[in-house]
Structures are given as C-alpha cells and as structure tokens.
Amino acid sequence: MTNSNRNAGGCLVRIAIVGGGPGGLFTAWHLNELCDRPVDLTIFEAADRLGGKLHTPTFSAAPVRYEAGAAEFYDYSPVGDDPLLELIRSFGLPTVGLGGGQVQVAGRPIANLDDLQEAFGPGARRDLIDFDTWAHGAITPREFFESGSDYTASATPAGRFDGALAGQASPTIRTYLEAMIHSDLATPPAATSVAYGLQNYLMNDPAYMRLYCIAGGNEQLITALATRISATVRLATPVERVATTPDGRWRLTTRSVEGCCDQDFDAVVLSLPVEALKRLTFADPDLTAAMRQHITHHDHPAHYLRITLLLDQPLGRAAGDDGYLMLEAFGGCCLYLESGREPDASQGVLGWLLGGEAAAALADRTDDELVASALDTLPAAFAAVRGQVLEARVHRWTAAVSGLPGGWQPLSVDHRHRPAGATHPGLFVVGDYLYDSTINGVLDSAEHVAGWLAADLIDASRETR
Amino acid sequence: MIARDHDQPHAADALGPHPEVPGGLPAGSMVRRLTLPPGRPFDLLVIPTADPTADPTADKAQPTNQAALAEQAQRWVRAAAESVAASSTGIAAAPVAIPLYGCYVIWAPSHGAVLGSPTRIEQLAGTLGEFAAREAELRDLEGRGDKLLATVESDAPAAFEFDDRTQAIRSRLAARFLEAVAVRRGLASLGPAVHVPPIHPPTLASQLAERLRDRTRLAERHELASDRADFSFQVYEACGQRAAEFGIARRQLGLEWAIVVILVAQLTLMLVEMLRFGSST
C-alpha cells in the first residue's frame with residue numbers, strides 16, 4: 001500500500017519520476033496505460049534532453065545520424081513475448097536486423113568454426129563446441145528469456161565468470177570468448193557472474209535472441225514516447241533531496257536555473273543509474289539505510305566509451321553484410337559499421353564501443369587521442385578509412401550501466417523495486433541494473449513498478465468506496 | 001538432389017553446350033555444370049583466389065584484383081542469367097551477391113559463382129550448389145502451384161455441383177487433384193531444408209546458406225507456395241468429393257431400379273402363382 005492511497009478519495013494523485021531516460025519514460029507510459037484514472041506525473045531530468053542512453057545525434061559536418069549510446073535492441077521473440085519490440089512496432093517505427101559476430105583474435109578474423117580451425121587448429125574448434133554445449137546446457141533459451149525474473153533466480157549457475165572460463169574453456173577459446181563478449185559485458189570476467197557472462201555469450205546464438213535497431217535512429221523511441229505520454233517534463237532539473245512530509249507524502253528538492261524548489265508528491269519512482277542514486281540525499285535515516293543497502297548490493301559499475309567517425313564515403317565491400325565486428329583491442333571492443341544501416345547513405349559512419357576497464361581508463365584522454373588510438377586498431381580491410389575522416393565524436397558513459405545486474409545474489413523482483421518497502425512503501429526504483437543492463441530489462445522494470453502503483457490506486461479506490 | 005555432369009556424361013548434351021571459362025581468371029578457375037531438379041542446368045563458376053592465408057576481411061590487403069575478379073564474376077553471372085531468361089520466360093531475376101568474410105558468392109537461378117581461398121572454395125561451391133537445388137525445387141513447385149491456381153476458378157463450381165456435363169472433366173479434375181497433392185508433398189518435403197534453424201557456433205557453409213535463404217526470402221516464398229497449394233488442394237478435394245458422391249448416387253439409382261424390377265417380377269410371379277393355385281382349387 002503506497003502513500004498514493006492518501007489521495008484515493010478523489011484528488012489527483014501526484015507521482016514524481018526522477019530520471020528522464022528510457023526507464024522514466026517507460027514508467028510514465030505504463031502509468032498512463034494502466035491507471036484507472038488520470039494521474040499527475042512529473043518527470044525530473046538532470047540533463048537538457050530526454051532519453052539517457054538512447055541518443056542519436058547528428059554530425060555537424062553533414063546531416064548524418066549516429067548512435068552515441070545504446071546501439072541495438074534485443075529481440076527475444078524467437079523464445080517468447082517481447083514487449084519492447086511490440087511497443088516499438090506499435091509506434092510504427094521500422095526496425096532493421098543487425099548481424100555480425102566476426103571476432104579478431106591474434107590478428108586473425110574469426111567468423112565461424114572454419115576460421116577458428118584454420119587459425120588455431122582442430123583442437124580449438126572442438127574446444128569451442130565443447131564450451132558452447134556446456135553453455136547451452138547451463139542456460140536454456142527459456143531461462144535466458146526469463147533472466148532477471150524470480151523464475152530463474154535460483155536456477156542460474158553460481159560463481160564468478162572467470163572461474164567458469166578457466167574451467168570450461170581452453171586458453172585460446174578463452175581469449176576468443178573474452179574478445180567476443182567484452183564490449184557487451186563491459187566488465188572483467190572476474191567482476192561478474194557466470195550467469196551474466198554466459199548470457200552475453202549466448203546472445204550470439206539466434207535461438208536465444210537477435211539484434212535489431214530502429215531505422216533512422218534508436219532515439220526515435222524516446223521521441224515517440226515523449227510525444228505520447230501525459231506528464232510534466234522538467235529538463236535540467238536535478239533532484240537533490242528526497243524527504244517525507246509529516247502527512248506521509250514525499251517532498252523532492254530540485255535545483256534548476258530558477259533556484260531550489262520543494263514539491264510534494266504521493267509516490268516517487270527513482271529511475272536513475274546506481275551512480276546517480278549515490279548522489280541523492282535521503283532525509284529519513286531508515287530510508288537512507290535502505291537505499292545504502294540497495295546501492296551497495298547493485299553497485300557494480302561498468303563503463304562505456306563510444307568513438308564515432310563520419311567518413312566522406314560509405315564503407316565499401318570490406319564491411320560485407322555485417323553490422324558490427326569485434327576487435328581484440330581495448331580488451332575487446334565492438335566496431336559498428338553504421339553506414340550499413342542506411343544503404344542509400346552518401347557518407348560512412350564507423351563507431352567503436354569500448355567497454356569495461358579500458359573505457360574507464362581512457363575516459364580522461366582527449367577526443368583526439370582517443371580517435372588516434374581507435375584508428376590504430378582498424379583491421380587492414382579498413383586501411384582507407386584513415387584518409388576519409390570528416391568528423392569524429394566521442395561519448396563517455398562512465399558507470400552508466402551495471403556489470404553485474406541484479407547483484408551477486410539476485411533479490412526478489414518486489415524487493416529490488418521497493419528497497420524500503422516496510423517503512424517507505426511509496427518509494428520505487430526502476431533500472432536496467434535490476435534486470436540485465438538492457439533497454440528490454442528497464443522496460444520490464446518500469447512495467448513492474450507501474451503495474452504495482454496502478455494496482456495500489458485501484459485498491460485504494462475500492463477501499464474508499 | 002544435384003548431380004554433376006561428369007557423373008552424368010549425357011546430361012550435358014541435353015542441357016546445351018558447356019560454357020567456357022571467361023578469360024583473365026586465375027589458374028584453377030572452372031565452370032561446373034550441375035543438374036538441378038527438374039533437370040535444369042546450373043553453371044557454377046569457381047574462382048580460387050591466390051592467397052589462402054590472407055586476412056579474409058582484408059579486401060584491400062589481398063591482391064587488388066580480388067574486387068575486379070568479383071566484378072567479372074558478377075558480370076558473367078548477370079549476362080548468362082539474362083541470356084537464359086531471354087530464351088525462356090523473358091524475366092531475369094537480379095543476381096544475389098554476398099560478400100562473406102573474404103569470399104564472394106553470386107547466385108542467379110541458372111548461374112552462380114564463388115570466389116574464395118582454395119581451402120574454402122569446395123565448401124562454398126557445395127553449399128551454393130545445394131542451395132541452388134533447393135531453390136530450383138521450390139521454383140518448380142511455385143510454377144506448378146501457379147498453374148493449378150489459374151485453373152481453380154473455372155473448376156471451383158464442380159466442388160459445389162456435379163452433373164453429367166462435369167462428369168466429362170472428371171479425369172482432368174482428378175489429375176489436378178493429384179498434382180495438388182504432389183505439389184503439397186514436394187513443399188512438405190522441402191520444408192525442413194527451408195526452415196532450418198541457424199547453427200551455432202556457425203560454420204562458413206551455414207553462414208552462406210543462411211544468407212542465401214535470407215536474401216532470396218526462401219522461407220516466405222515457401223510459406224506462400226504452401227498456402228496456395230493448400231487452397232488448390234482444398235478446392236480439388238471438394239471436387240473429388242462431389243465427383244465421388246455423383247458416382248455413388250448414379251450407382252445407387254441403378255441399384256434402386258434393379259430392386260424395383262426384381263420386386264415387380266416377384267409380385268408378378270406371386271400373382272401368377274396365386275391365380276394358378278386359386279384355379280386349381
């Protein structure tokens with residue numbers, strides 16, 4: 001039962017959503033959909049734009065888009081319902097499949113078992129098949145699909161991923177796997193679980209999931225959501241303090257160009273990454289303790305760094321049909337061949353996604369240094385790129401995601417979303433770090449919280465009657 | 001499924017002259033003639049590239065003529081496919097070109113080409129040949145299904161009412177029903193090859209097969225052909241039902257008349273016997 005009951009008698013229920021990223025917007029969308037009466041939603045966003053990690057800016061040298069944040073979505077429809085894909089389609093946004101998977105190991109491109117055998121001998125081929133068989137046995141497509149839910153919390157393999165790699169993969173295969181999954185994992189194998197590591201390996205199997213992006217830019221999802229939700233959006237307005245009022249409501253202290261401001265709400269949804277949660281002040285000691293526990297449990301920061309180049313001509317045949325390939329450089333990074341997404345483009349776009357410790361270590365370097373480092377990693381097929389660069393952009397996503405979503409010991413779904421349920425039932429959290437560090441995961445999280453709030457409102461209405 | 005000409009030496013004569021290897025290709029290049037169902041020729045240009053250990057993604061690092069060779073192969077396939085189309089349907093399907101990790105594969109319904117290192121070329125040629133056979137089988141079934149569909153509308157009334165006039169086309173309807181069964185059977189047996197799930201971890205052959213199926217929309221075409229064949233089958237099945245009922249009704253009518261005649265004869269005999277018995281007493 002939330003504090004929103006207080007206004008169930010007839011006044012408009014006021015709900016604050018802190019964070020205007022995908023999680024905040026999904027929560028608002030679901031609240032609009034699920035509540036049996038209008039609610040007064042306010043979204044507070046610290047930045048001057050909505051969308052968070054979904055960001056598709058345009059180069060200044062030419063009107064060409066590129067993905068600065070999340071480059072792709074995961075399509076789970078081969079296994080079960082995919083609410084994100086359904087939502088994207090319901091907005092009429094066209095999607096494009098994304099294929100690839102070639103991995104550079106010891107300077108050799110490995111795209112399939114034949115390449116592996118040619119480069120490292122038949123033993124390596126056998127070893128990969130053995131590892132693959134083990135991985136498929138450890139997590140089935142259904143368990144992969146349900147990952148993050150209570151259903152699989154006890155079924156997933158326990159332990160650290162580096163231990164599993166050491167036990168199940170030969171050194172060659174381990175090098176190959178680390179290069180293959182590092183940019184998705186964004187954390188060293190020692191800092192994450194077997195389950196999360198294996199999920200990042202198994203996602204390369206189309207029987208588990210497929211990759212896609214939105215034609216014309218992933219940020220269109222944010223635009224579509226923002227134009228459809230009914231909420232007051234306060235940009236460049238970070239929330240600094242969360243407190244309770246004597247009458248049991250919530251008081252948020254925000255800071256904007258107009259100065260500090262206090263506003264009262266019936267319920268609060270914190271849709272922020274863990275790093276941003278750390279910066280919030282909670283007035284109540286019990287709430288402070290509960291939130292500290294929540295943050296400690298989920299504090300496994302993972303980092304990304306994106307370097308994107310605009311080229312004066314589209315990428316040639318060297319790129320083939322693939323949308324991306326994995327390089328061994330930076331501990332394993334992903335090279336996105338973005339011009340492949342727009343076949344009629346007259347310019348090319350090439351993007352590096354660096355993850356994990358390499359991204360954190362390089363984040364302090366200048367853009368020029370990063371671009372030079374990135375260009376040095378290009379395979380011979382892309383040798384001509386060096387002379388074709390029109391513009392370069394760098395985006396740093398330090399501690400933007402979790403390298404161990406759900407924590408070492410996943411909590412129940414309810415506990416995850418309401419850290420201080422016993423003392424402060426009106427405070428909810430939404431985030432991809434509660435599920436699988438994906439946009440799909442944050443949609444699940446938002447749907448759970450919105451459903452909970454909407455059910456509380458319906459219950460409160462009945463009690464009042 | 002597919003046969004090479006050297007396995008069937010006489011097939012080449014029936015399928016036309018064996019094409020020449022275009023000039024300027026590397027040593028070891030050859031044109032293989034395969035026989036696809038239902039007896040169509042498929043000419044496959046095989047071009048082994050020089051350096052088997054070169055970086056397969058590295059088009060620029062490989063001999064610069066790799067791109068030129070791919071262009072030449074594409075021109076050969078396009079020209080050959082157009083000439084075949086001009087002599088038959090008049091419609092040429094655009095060749096599908098697939099760059100695949102340093103290899104290059106081009107496919108058109110009657111011709112194909114593969115470029116790759118000598119260690120991979122046989123694998124690629126085998127996969128392309130196998131795909132071409134499946135595609136040809138599907139194309140043939142699509143054509144047969146289309147022919148059936150064209151006659152369905154004129155034959156459909158027989159599915160509702162069957163009389164002496166329709167009795168005249170009974171054997172034709174039966175032949176079309178059998179054709180619908182054959183098309184459905186063909187599509188059903190082709191199904192597993194068309195809808196084969198992606199293999200993981202992939203092999204070069206599985207990647208090529210997957211891309212070829214994807215680019216030629218084989219699964220969608222198979223589904224559409226199956227739907228059409230099902231529709232024709234249902235109509236001709238109903239025609240068969242009506243024809244059978246008509247035949248049974250006719251036989252029943254004859255039987256009824258025979259029974260009537262027998263009964264009349266029996267009554268007559270009984271009457272005669274009664275009269276004889278009455279007159280004797």
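Chain A is the first sequence line, chain B the second, and so forth, proteins listed ahead of strands; every chain is numbered from 1.
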List the atom of [X], the atom of [Y], and the distance in Å for their closest heavy-atom pair.
{"X": "A:Ala111", "Y": "B:Pro202", "answer": "O-CG, 4.0 Å"}
{"X": "B:Thr203", "Y": "A:Asn112", "answer": "C-CB, 3.6 Å"}
{"X": "A:Asp114", "Y": "B:Ala205", "answer": "OD2-N, 4.4 Å"}
{"X": "A:Leu113", "Y": "B:Pro201", "answer": "CD1-O, 3.6 Å"}

Exercise. Does CZ in B:Arg184 sit with more than 12 non-hydrogen atoms of other residues, nucleotides or ligands closer than 6.0 Å?
Worked result: yes
For this session: Kindly say whether B:His200 contributes a backbone atom to a donor-acceptor pair with the side chain of A:Asp205 at under 3.5 angstrom?
Result: no
Exercise. Atom CD1 in A:Ile110, atom OH in B:Tyr101: separation rounded to 0.5 Å?
Worked result: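 Separation between the atoms: 11.5 Å.
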For this session: Could you look at B:Pro197 and say if it's the side chain, the backbone, both or neither that has a heavy atom under 4.5 Å from chain A?
Result: neither
Please tabulate, for the side chains in residues 164-174 of chain A, all donor-acceptor contacts under 3.5 angstrom to protein atoms that are two or more places apart in sequence or on a different chain.
{"unit_1": "A:Ser170", "atom_1": "OG", "unit_2": "A:Asp127", "atom_2": "OD2", "d": "3.0"}
{"unit_1": "A:Ser170", "atom_1": "OG", "unit_2": "A:Ile173", "atom_2": "N", "d": "3.4"}
{"unit_1": "A:Arg174", "atom_1": "NE", "unit_2": "A:Glu178", "atom_2": "OE2", "d": "2.9"}

For this session: Would you please name every residue forming a salt bridge (Lys or Arg N to Asp or Glu O under 4.0 Å) with A:Asp376, sequence neighbours left out?
Result: A:Arg386
Problem set entry | Sequence-distant partners of B:Asp140, salt bridge (Lys or Arg N to Asp or Glu O under 4.0 Å), two or more places apart |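 Here the qualifying residues are B:Arg144.
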For this session: Please test A:Gln117 against B:Thr119 for side-chain contact (heavy atoms from CB on, under 4.5 Å), starting from the C-alpha separation and ending with a verdict.
Result: CA-CA 12 Å; A:Gln117 179 166 337; B:Thr119 53; over 6 Å; no
Exercise. For chain A, which residues from residues 209-231 of chain B lie under 4.5 Å away (heavy-atom distances)?
Worked result: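 Under the 4.5 Å heavy-atom cut-off, B:Arg211, B:Arg215 qualify.
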